[in-house]
Number of protein chains: 2
Amino acid sequence: MDIENAIAALNNPIRRRILEWLKDRSNFPPALPEHADLEGVCVGYIQEKAGLSQSTVSNYMGLLKQAGLVTAERHGQWTFYRRNEANIQVFLKAVQDELSKT
Amino acid sequence: MDIENAIAALNNPIRRRILEWLKDRSNFPPALPEHADLEGVCVGYIQEKAGLSQSTVSNYMGLLKQAGLVTAERHGQWTFYRRNEANIQVFLKAVQDELSKT
DNA sequence: TCCATATATCGAAATATCTCGATATTCATC
DNA sequence: GATGAATATCGAGATATTTCGATATATGGA
């Protein structure tokens, strides 16, 4: 958990929005039947929702992953991204500890 | 309290460090006798501690102020900056609300 | 009024980020 | 092994940030 990378990754409204969307799978189209049991959302769905180019969204997800805010799992030709809830909490605690006075 | 500006202001290790230093007045040289009753730290002291140019530090403090993380008070030729604890808490709450899942 | 001090603002060069289209890689299917 | 689909990586132009020195502004004192 790198607070430096995490803040940089969060310093962009669309990346923050993606993290919010990923809170709820129902923000995206239903998974394909063969993916019904898998967690996370594929890049294509995120791209469609964000309205940015494929390469930009892939890059964004890479930044979020490098920051530890999401995890990636490959299944066939798809990469499924989902929030890393534990690390997000670690980050929030770290920011709170750094910013709070006492 | 603008979460957008605040994250941008915090996306810099020295600005975050300045906010930490400002938690405790004793991180800086003692105030001049005529300022003994005033809150906050003047730009010169912050500059000295940060080891950056005067214009850079003035710019940094302006960014932190615009983000609502500090307040500025002019007294004579000095500007005294101090943390805006209330807004910092508001910011922390906002980030928590935006990032936390539930 | 003139000068020194503290801070703010300006202009610019170096670097980083954003965002894209093009290309490469990976994997499933025929 | 050729093809198509999903994703990653590359290279580049546009824009933003960093940081500085120089200059402007404000204030207090001789």
Side-chain angles (χ1 to χ4, degrees), chain A residues 2 4-19 22 28-35 38-67 69-82, chain B residues 2 4-19 22 28-35 38-67 69-82:
Chain A
D2 178 10
E4 190 70 38
N5 280 342
I7 291 181
L10 292 172
N11 188 28
N12 177 294
I14 299 182
R15 286 196 293 266
R16 289 202 303 279
R17 203 104 64 81
I18 291 172
L19 275 183
L22 288 176
F28 301 93
L32 299 176
E34 64 264 37
H35 299 144
L38 298 177
E39 303 256 359
V41 178
C42 67
V43 175
Y45 285 180
I46 300 171
Q47 178 196 346
E48 191 181 345
K49 188 133 179 146
L52 293 170
S53 75
Q54 187 271 322
S55 61
T56 296
V57 173
S58 180
N59 175 30
Y60 278 15
M61 299 317 294
L63 293 173
L64 289 169
K65 182 186 168 199
Q66 190 182 339
L69 298 168
V70 303
T71 61
E73 223 172 313
R74 259 246 156 180
H75 286 276
Q77 25 187 179
W78 290 273
T79 304
F80 293 85
Y81 284 95
R82 65 175 142 158
Chain B
D2 179 9
E4 191 70 37
N5 279 343
I7 291 181
L10 293 171
N11 188 29
N12 177 293
I14 298 182
R15 285 195 294 264
R16 289 202 303 280
R17 203 106 64 81
I18 290 172
L19 275 182
L22 288 176
F28 301 93
L32 300 176
E34 65 264 37
H35 298 145
L38 298 177
E39 303 256 358
V41 178
C42 67
V43 176
Y45 285 180
I46 300 170
Q47 177 196 348
E48 192 180 349
K49 188 132 180 147
L52 293 170
S53 74
Q54 187 271 323
S55 60
T56 296
V57 173
S58 180
N59 174 32
Y60 278 15
M61 298 317 294
L63 292 174
L64 289 170
K65 182 187 169 199
Q66 190 181 340
L69 298 168
V70 303
T71 61
E73 223 172 312
R74 258 247 158 179
H75 286 275
Q77 27 187 176
W78 291 273
T79 304
F80 292 85
Y81 285 95
R82 63 174 144 159

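In the text below, chain A, chain B and the rest are named by the order of the sequence lines, each starting its count at 1. Reckoned from all heavy atoms, side chains included, excluding hydrogens, waters and symmetry mates.
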Nearest-Å distance for atom pair [atom1]/[atom2], residues [X] and [N]:
| X | N | atom1 | atom2 | result |
| --- | --- | --- | --- | --- |
| A/Arg74 | D/dA5 | CZ | P | 16 Å |
| A/Glu73 | D/dA6 | CD | P | 19 Å |
| A/Tyr45 | D/dA6 | OH | P | 9 Å |
| B/Glu34 | C/dA6 | CD | P | 11 Å |
| A/Ile46 | D/dA6 | CD1 | P | 14 Å |
| B/Phe80 | D/dT27 | CZ | P | 14 Å |
| A/Leu32 | D/dA6 | CG | P | 9 Å |
| A/Gln47 | D/dT7 | CD | P | 9 Å |

Quick one: are [X] and [Y] in side-chain contact, heavy atoms under 4.5 Å?
| X | Y | value |
| --- | --- | --- |
| A/Glu34 | A/His75 | no |
| A/Arg82 | A/Thr71 | yes |
| B/Met61 | B/Thr79 | no |

Review point. Any donor and acceptor pair, going by atom type alone, linking the side chain of B/Arg15 with main-chain N or O of B/Leu10 inside 3.5 Å?
Key: no

Check your understanding: Is it true that a side-chain atom of A/Tyr60 and a backbone atom of A/Ala9 form a donor plus acceptor pair closer than 3.5 Å?
Key -> no

Check your understanding: Counting only heavy atoms not in A/Lys65, do more than 12 fall under 6.0 Å of its NZ?
Key -> no

Practice item. Tell me whether the OP1 or OP2 atom of C/dA6 has a side-chain N or O from B/Tyr81 closer than 4.0 Å. Key: no

Study note, to complete from the structure: Between A/Tyr81 and A/Ala72, the two heavy atoms sitting closest are CE2-CB, 3.4 Å

Check your understanding: Where the side chain of B/Ser58 is defined as all heavy atoms beyond and including C-beta, which of C/dT5, D/dA8, C/dT9 is the nearest nucleotide?
Key -> C/dT9

Exercise for review: Just compare D/dA8, C/dT7, D/dA6 and give me whichever is closest to any side-chain atom of A/Trp78.
Suggested key: D/dA6

Review point. Could a donor-acceptor pair under 3.5 angstrom be found where the side chain of A/Gln77 meets the base of C/dT26?
Key: no

Atom pairs, protein N/O to nucleotides 15-21 of chain C N/O, distance under 3.5 Å:
{"residue": "C/dC18", "atom": "OP1", "partner": "A/Arg15", "partner atom": "NH2", "Å": "3.3"}
{"residue": "C/dC18", "atom": "OP2", "partner": "A/Arg15", "partner atom": "NH1", "Å": "3.4"}
{"residue": "C/dC18", "atom": "OP2", "partner": "A/Arg15", "partner atom": "NH2", "Å": "3.4"}
{"residue": "C/dT19", "atom": "OP2", "partner": "A/Tyr60", "partner atom": "OH", "Å": "2.0"}
{"residue": "C/dC20", "atom": "OP2", "partner": "A/Ser53", "partner atom": "N", "Å": "2.9"}
{"residue": "C/dC20", "atom": "OP2", "partner": "A/Ser53", "partner atom": "OG", "Å": "3.1"}
{"residue": "C/dC20", "atom": "OP2", "partner": "A/Thr56", "partner atom": "OG1", "Å": "2.8"}
{"residue": "C/dG21", "atom": "N7", "partner": "A/Ser55", "partner atom": "OG", "Å": "3.4"}
{"residue": "C/dG21", "atom": "O6", "partner": "A/Ser55", "partner atom": "OG", "Å": "2.8"}

